[in-house]
Amino acid sequence: MICLIPKVEAPNSLAKFRPIALCSVIYKLATKTIPNRLKQLMPLIIGPAQSSFVAGRHIYDNIVIAQEAIHSMRNKPDRTAKLSAALVDVIMKCVSTSSMQLLWNGNLTESFKPSRGDKGVRSRPIYLCFADVRTAEASLNVLDGFCGSSGMKVSTAKTSLFFSKNVDIEKRRIIKNLLGVGVVNDLGQYLGVPLLHWKVSKLTYAHILDKMKAKIANWNTAQLSLAGRITLAQAVLSTMPLYAMQTSKLPVGVCTEIGKEIRGFIWVSHRSGQRLSKVAWSKVSRPKDEGGLSLRKLSLVNFAFGMKECWEIFKQPMSLWATQLCSKYKFDLLLGFDPIAPASCTPF
């Protein structure tokens, strides 16, 4: 059974829904067992550019590479692996014998068997290449070959071109007409994190604060006890900016505003709605064994994530994102930075 989850508040087309498959117990057992068996083999099968859903790799690895690519535009071992015939047979049975139904407005539609067809690519990958006609033609041929072999189609509505400021206007026009997609000055978000085209400001990460305010507005604060508000602040509000903090340094103003929202939510009065702080926040943010509530200062959490990234470079120096950073900024694990290392870097 497939349940359609709306992506926006007022969806008006199927593209605005996210399909979630509800599998039976047998398929759940198979889909859990197979990844556990393949876990040791995955790094040999999947290339280094695919960083998520593989043990030892993280989704924010590609975010770091994308940020560095945008920043630069501004200013394989010979191994093969083969799955056993029995395992391939199990996977194909899971794919070919399944049938699905859509849960639409609480009612189930007729069952159907999923198959390959004219479907758009759901992901939004970012490709970096030289801006010339020959490269554009080669990219178009690669995409046509991929679509022909996979049965998928590139969604031109979700595809955009972003040029470096060094590309002249005439070359931009030729490449745009050849590929048949629009040109943008801002690529927006990638994997949920805004790509940094200009100087970072409070507006860059204003969406985090907006989501937090919307979340608080949906809660009936007057009906929550102090313990309930503290629990929500620890489990929900304090964790909302953590994903962006793993790859970016949030401005101090953003961290301050988020802290104000959390404090206001905890100390709100039941009757008048006035936000009266009953205990100094410096005491509230202490660890629990020191009498506090362990609500950490967000700027320090952001700094800790930065130190974690530095440690990951030394821990996994041969990973794709680590080699890219070391090459770009001329950093050697033993000798440190080269004297001619670039002075400008992405904000972290």
Side-chain angles (χ1 to χ4, degrees), residues 39 42-43 46-77 125-126 128 187 189-202 204-205 207-209 234 237-259 285-287 294-348:
K39 187 176 295 184
M42 283 298 183
I46 301 177
Q50 173 64 39
S51 59
S52 58
F53 306 110
V54 179
R57 306 183 191 178
H58 309 283
I59 190 173
Y60 50 77
D61 294 354
N62 278 356
I63 299 177
V64 173
I65 296 176
Q67 297 284 25
E68 294 299 332
I70 297 298
H71 177 263
S72 297
M73 293 178 70
R74 283 190 300 138
N75 311 300
K76 185 170 188 191
I126 291 181
L128 179 67
L187 289 173
Q189 292 190 357
Y190 174 63
L191 298 177
V193 177
L195 294 174
L196 307 178
H197 295 272
W198 299 280
K199 184 179 180 180
V200 178
S201 64
K202 293 175 63 175
T204 307
Y205 297 98
H207 65 282
I208 299 177
L209 194 59
Q234 293 173 331
L237 300 182
S238 296
T239 61
M240 294 181 70
L242 298 186
Y243 180 71
M245 285 182 174
Q246 295 183 70
T247 55
S248 308
K249 185 179 185 300
L250 270 61
V252 177
V254 174
C255 295
T256 302
E257 290 296 325
I258 293 176
S285 58
R286 293 176 181 174
S294 294
L295 288 170
R296 298 168 294 180
K297 191 175 181 180
L298 293 178
S299 59
L300 296 179
V301 175
N302 203 173
F303 180 79
F305 276 123
M307 293 295 99
K308 177 177 178 291
E309 289 293 285
C310 294
W311 169 248
E312 289 291 339
I313 293 179
F314 287 89
K315 184 179 178 182
Q316 298 179 344
M318 299 308 297
S319 61
L320 180 62
W321 73 277
T323 55
Q324 292 289 330
L325 286 181
C326 293
S327 175
K328 178 179 178 180
Y329 296 109
K330 303 184 184 304
F331 177 75
D332 186 270
L333 297 180
L334 298 177
L335 303 178
F337 286 101
D338 191 281
I340 59 172
S344 175
C345 63
T346 53
F348 203 132

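From a predicted model like this one, the values you see are computed outputs, not experimental measurements.
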Answer whether the closest heavy-atom distance between the side chains of Leu195 and Gln189 falls below 4.5 Å.
no
Nearest heavy atoms of Cys326 and Ile313, plus distance in Å
SG-CG2, 4.0 Å
Can you tell if the side chain of Leu325 reaches within under 4.5 Å of the side chain of Trp321, non-hydrogen atoms only?
yes
Distance from Lys308 atom NZ to Met245 atom CE, nearest 0.5 Å?
14.5 Å
Looking at side-chain heavy atoms only, is the closest gap between Ile258 and Ile208 below 4.5 Å?
yes
Indicate the atoms forming the closest heavy-atom contact of Leu298 with Ser238, along with that distance.
CD2-O, 4.2 Å
I'd like to know if the side chain of Thr256 reaches the main chain of Val252, judged simply by a donor and an acceptor atom lying under 3.5 Å from each other, with no hydrogens or angles considered.
yes
Closest approach of Gln234 and Leu295, non-hydrogen atoms and distance?
CG-CD2, 3.5 Å
Side chain of Gln67, backbone of Pro194: donor and acceptor closer than 3.5 Å?
yes
So do Pro251 and Thr204 actually touch side chain to side chain, heavy atoms under 4.5 Å?
no
Begin with the C-alpha distance, continue with both residues' side-chain angles, and end with the deciding distance and a verdict on side chain to side chain contact (heavy atoms under 4.5 Å, CB included) for Ser248 and Phe305.
CA-CA 9 Å; Ser248 308; Phe305 276 123; over 6 Å; no
Heavy atoms of other groups near Lys297 NZ, more than 12 under 6.0 Å:
no
Over all heavy atoms of both residues, which pair between Ser294 and Pro287 is shortest? Give the atoms and the distance, please.
OG-CA, 3.6 Å
Determine, stepwise, if the pair Lys249 / Asn302 fulfils side chain to side chain contact (heavy atoms under 4.5 Å, CB included).
CA-CA 6 Å; Lys249 185 179 185 300; Asn302 203 173; 4.2 Å; yes
Would you say the side chain of Ile63 lies within less than 4.5 Å of the side chain of Tyr243, judging by non-hydrogen atoms?
yes
How about Glu309 and Val64: do any of their side-chain heavy atoms sit closer than 4.5 Å?
yes
